[in-house]
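Here the structure comes first, spelled out in structure tokens, and everything after it is commentary.
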Amino acid sequence: MKKIGVLTSGGDAPGMNAAIRAVVRKAIYHNIEVYGISRGYQGLIEGDIRKMEIGSVGDIIHRGGTMLRSARCLEFKTEEGQLKGIEQLKKHGIEGLVVIGGDGSYQGAQALTKRGYPCVGVPGTIDNDIPGTDFTIGFDTALNTVIDAIDKIRDTATSHERTYVVEVMGRNAGDIALWAGLAGGAETILCPEHQHDIDELTAKLKRGQERGKKHSIIIVAEGVGSAVDIAREIEQTTGFDTRLTVLGHVQRGGSPTANDRVLASRLGALAVELLMDGQGGRAVGIVANQLVNYDINETLVKNHTIDQKMYKLSEELSI
Ligand code: ADP
């Protein structure tokens, strides 16, 4: 391949810029022309494509968000949309594409590959919910943002002897909740992967109070249900002064952590290597600190699950 493209799609994640930088520099290092496609598949359909140079990706490694912008594009789910995208790729002579995004974006990459355009998926999402990789780009940064918030909430929770419900991102995946709960010393972690029992939760809080505990922190992934209702129920059942904090989109921004930058650099470069080798329909990832690549289809047919041993540990440590 002599010309490749790169785009970011779906929900943005800190470290996407570091991944773009790696793709661009790795390609140019190997004398491959690289084109940046703005606003994901929407920009692809519209032909929002420009050639990238070494300097195009200068001074972005430490920045959150994505310099290529991101978008959600319903039209790309249709055959018509995909054919429009292919027309644009052909127009620019682009032979392969690196797609940085989540599982939705991977479906677009898979669709293009099926139509004869080799694509490689790079996992960019704070949710850490892509099967086949231990970590996704952005997860570590989001986690650290959540921890920072929990630590601050803990200070005021202690001062005022309050119970805090903290809602974190994760519609279908409880990784942020689980890791943040474990790292932040939360009393209870509610993940979409586990049924929760509000009676058990309130009983645990009461047991804690009887032991002299003055405050509690409960982490709720957004996919579990209404955190407002959970906080209200806790307050009504226990009588504890209970407050809710919804962290929201702060979790998606910020300068990527060193871990995310390194991961993004490694995975972005690997994606280029695969395209250089003529391989499409692949996804890249990291398993036990080794880089891996596998059929992108696997990420679409398998379900992501949280680490059950870690969940059990979080329960054991928060008795
Ligand atoms: P994420 O990649 O973060 O999971 P989305 O699920 O919103 O985000 O997907 C991002 C974009 O990927 C969608 O807006 C759409 O353009 C494209 N996409 C999603 N599903 C498909 C599909 N089945 N076929 C083709 N493109 C898709």
Side-chain angles (χ1 to χ4, degrees), residues 5-17 19-20 23 37-49 64-66 68-89 97-133 135-142 168-176 192 221-223 248-249 251-253 256 260 263-264 267-268 271 280-285 295-304:
V6 56
L7 60 79
T8 49
S9 163
D12 67 341
M16 278 183 161
N17 276 328
I20 296 167
V23 170
I37 298 151
S38 296
R39 295 177 295 115
Y41 295 120
Q42 188 65 43
L44 176 61
I45 287 177
E46 293 170 10
D48 198 351
I49 300 172
T66 158
L68 288 175
R69 311 276 178 259
S70 189
R72 295 208 153 91
C73 172
L74 281 182
E75 194 184 350
F76 204 72
K77 293 187 179 181
T78 66
E79 182 180 353
E80 198 196 344
Q82 290 161 18
L83 292 178
K84 278 190 199 168
I86 287 175
E87 207 181 296
Q88 292 293 344
L89 289 168
L97 189 62
V98 177
V99 171
I100 305 166
D103 52 359
S105 304
Y106 274 25
Q107 295 198 31
Q110 168 74 344
L112 281 181
T113 302
K114 275 192 184 153
R115 293 184 189 282
Y117 263 90
C119 295
V120 175
V122 175
T125 165
I126 64 164
D127 291 332
N128 208 39
D129 61 348
I130 298 195
T133 184
F135 297 107
T136 59
I137 298 163
F139 173 62
D140 189 59
T141 307
V168 300
M169 280 191 168
R171 263 190 218 115
N172 305 307
D175 281 59
I176 293 181
E222 62 179 330
H249 282 80
Q251 295 163 87
R252 290 256 286 265
D260 272 333
L263 181 64
L267 294 183
R282 311 293 292 170
V284 295
D295 191 333
I296 200 165
N297 229 351
E298 269 183 49
T299 65
L300 307 177
V301 294
K302 283 189 187 157
N303 283 326
H304 168 76

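From a predicted model like this one, the values you see are computed outputs, not experimental measurements. Start at 1 and go down the list; that is how both ligands and their atoms are numbered.
A donor atom on one side chain and an acceptor atom on the other are not found under 3.5 Å apart for D103 and H304.
Listed by chain and number, S9, G10, G11, Y41, R72, C73, F76, K77, Q82, G102, D103, G104, S105, Q107, G108 each place a non-hydrogen atom less than 4.0 angstrom from ligand 1.
At least one side-chain heavy atom of L112 sits less than 4.5 Å from a side-chain heavy atom of L44.
Remark: K302 engages P131, E298 in a side-chain contact (heavy atoms from CB on, under 4.5 Å) (not counting sequence neighbours). Under the ring pair (Phe, Tyr, Trp, His ring centres under 6.0 Å) criterion, F76 pairs with Y41, not counting sequence neighbours. A283 meets the side-chain contact (heavy atoms from CB on, under 4.5 Å) test with Y106, Y294, I296, T299; sequence neighbours excluded.
Atom CD of Q82 is separated from atom CD1 of I45 by 8.5 Å, given to the nearest 0.5 angstrom.
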